[in-house]
Amino acid sequence: QAKSAGRRTVIFFDDGMQKQADKRLKLHNALRGALANDELLLYYQPQHMISTGELVGAEALVRWQPEGKALVSPTEFIPIAEESDLIIDIGMWVLEQSCKQMAKWQKEGVLLPELSVNVSAKQFHHPEFADRVEELMTQYHIEGSMLNLEVTESVVLGHAEDTIRKMAQLKEMGLRFSIDDFGAGYSSLSYLKRLPVDELKIDRSFIRDIPRDSRDMAIVDAVLAMANHLGFTVTAEGVETRQQLAFLKQQGCTFYQGYLSSKAITAEALERYIQRFQGKIG
Ligand code: C2E
Ligand code: MG
Ligand code: MG
Ligand code: MG
């Protein structure tokens, strides 16, 4: 214990911490292998317009399927990948796979208007990011309007000018931007008036306890009013109940995604979902 170890002794690691570090290193190495061995795959969560129920797009969410083991959630491996440049390779794999899939769907007449792709700060700030996106669009014949990039508030930290410039450049190619997990980060509101983003995604933590928590309802209400004044659309994430959807509809939120309509599903399952949907609504 650090307390009894004497004034000049600084203890960085105890046994438990060492084990934690070992585990992270193991996971990191296995993850490097995952990329090389083609063990990553994308799931897709449908996104809907609240007023009409119409399917407006999907979010690509990465999964890891180690051979002979259970599917691993990105909440387990993305933070570890983000500790090194591995997140750049994983993120670019996700982006390429997303373009490939959109091209395939377009060719097969599967009508998915837009795919949202999560982009990590490190990946976004890589000097070749914008060029790489453009190359992928050319290679797979993807229109910019088919892609929406989700970044978190942390993307601006220490890089405000670079962020604005790069976003503007990508928007000229037709892409759109969302601020993911809005409200859950550390950034101030001042960047919002400068960033050329199109959409805010209200973090799931503010939706979860609606309608039990009136303070969450007040926050959601305020975010919607602010977004409206600033000209952003809003997607609510993590909508699980009819009451939550009814509240969001009443407050004028435009889009939602959540278990109420569907979890993230495989490409094949999304194709069936879209077909069923076209039958019902179209
Ligand atoms: P996110 O981008 O905010 O994605 C939404 C997460 O909430 C997804 O978790 C989704 O499955 C989950 N979710 C959606 N609706 C509901 C709901 O109604 N209830 C509950 N309880 N959960 C819901 P998932 O797929 O585990 O992804 C977790 C996070 O991992 C993502 O959060 C994102 O930050 C990160 N991630 C996933 N794929 C990628 C990727 O390709 N690149 C990067 N950089 N990060 C990714
Ligand atoms: Mg996201
Ligand atoms: Mg999110
Ligand atoms: Mg989230």
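All ligand and atom numbering here is 1-based and tracks the order in the structure. Every value quoted in this text rests on a predicted model; they were computed, and no experiment measured them.
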Salt bridge check: are Arg176 and Glu114 linked by an N-O gap of less than 4.0 Å?
yes
For the pair Lys122 (side chain) and Glu82 (backbone), establish whether a donor and an acceptor sit closer than 3.5 Å, ignoring hydrogens and angles.
yes
Within-4.5 Å side-chain heavy-atom neighbours: Leu149 and Phe124:
no
For a distance under 2.8 Å, tell me if Asp181 has an N/O/S atom near the Mg ion (ligand 2).
no
Just which atoms of ligand 1 are under 4.0 Å from any heavy atom in Glu240?
17 (C), 18 (O), 19 (N), 20 (C), 21 (N)
N/O/S of Glu150 less than 2.8 Å from the Mg ion (ligand 3)?
no
Is there at least one pair of N or O atoms, one from Ala264 and one from ligand 1, spaced under 3.5 Å apart?
no
2.8 Å cut-off met by an N, O or S atom of Glu237 to the Mg ion (ligand 2):
no
Pull out every atom of ligand 1 sitting under 4.0 Å from any heavy atom of Arg63, numbered as shown with elements.
24 (P), 25 (O)
Using a 4.0 Å heavy-atom cut-off, which part of Asp181 comes near ligand 1: side chain, backbone, both, or neither?
side chain
Rounded to the nearest 0.5 angstrom, the CD-OG distance for Gln47 and Ser178 is 7.5 Å
Atom CD of Glu199 and atom CG of Asn148: how far apart are they, to the nearest 0.5 Å?
6.0 Å
Gln123, any N or O under 3.5 Å of ligand 1 N or O:
no
With Gln257 as reference, evaluate Lys263, Gln45, His48 under the side chain to side chain donor-acceptor pair (under 3.5 Å) test and give the passing residue.
Gln45
Does the cation-pi check pass for Lys171 over Phe177, that is, NZ or CZ under 6.0 Å from the six-membered ring centre and within 45° of its axis?
no
Angle subtended at the Mg ion (ligand 2) by Glu59 OE2 and Asp180 OD2, rounded to 10 degrees
180°
Ligand 1 versus Arg204, non-hydrogen atoms closer than 4.0 Å: side chain, backbone, both, neither?
side chain
4.0 Å heavy-atom contact, Gly91 with ligand 1:
no
Passes side-chain hydrogen bond (donor to acceptor under 3.5 Å, both in side chains), Asn118 versus Glu59? Steps please.
CA-CA 8 Å; Asn118 293 285; Glu59 178 175 3; 2.8 Å; yes
Identify the residue among Glu135, Glu128, Glu134 that makes a salt bridge (Lys or Arg N to Asp or Glu O under 4.0 Å) with Arg132.
Glu135
Counting only heavy atoms, tell me which of Pro74, Ser262, Ser120 gets closest to atom 30 (O) of ligand 1.
Pro74
Where on Asp180 is there a heavy atom closer than 4.0 Å to ligand 1, on the side chain, on the backbone, on both, or on neither?
side chain
At under 4.0 Å between heavy atoms, is it the side chain or the backbone of Glu237 that contacts ligand 1, or both, or neither?
side chain
Of all the atoms in Asn118, is at least one N, O or S atom closer to the Mg ion (ligand 2) than 2.8 Å?
yes
Atom indices of ligand 1 within 4.0 angstrom of Gly258 heavy atoms, with elements
15 (N), 18 (O)
If you measure every N or O of Gln257 against every N or O of ligand 1, does any of those distances drop under 3.5 Å?
no
Atom pair CD/CG of Glu67 and Asn37 - distance to nearest 0.5 Å:
8.0 Å
Are any of the N or O atoms of Glu59 closer than 3.5 Å to those of ligand 1?
yes
If I apply the N/O under 3.5 Å rule, does Thr75 come out as touching ligand 1?
no
Check each heavy atom of Gln45 against ligand 1 and say whether those closer than 4.0 Å belong to the side chain, the backbone, both or neither.
side chain
Which part of Val94 is near ligand 1, with near meaning a heavy atom under 4.0 Å away: side chain, backbone, both or neither?
side chain
Side-chain donor or acceptor of Gln244 paired with backbone N/O of Ile207 under 3.5 Å
yes
When rounded to the nearest 0.5 angstrom, what is the spacing between CD in Gln139 and CD in Glu96?
5.5 Å
Would you call Arg194-Glu161 a salt bridge at under 4.0 Å N-O?
yes
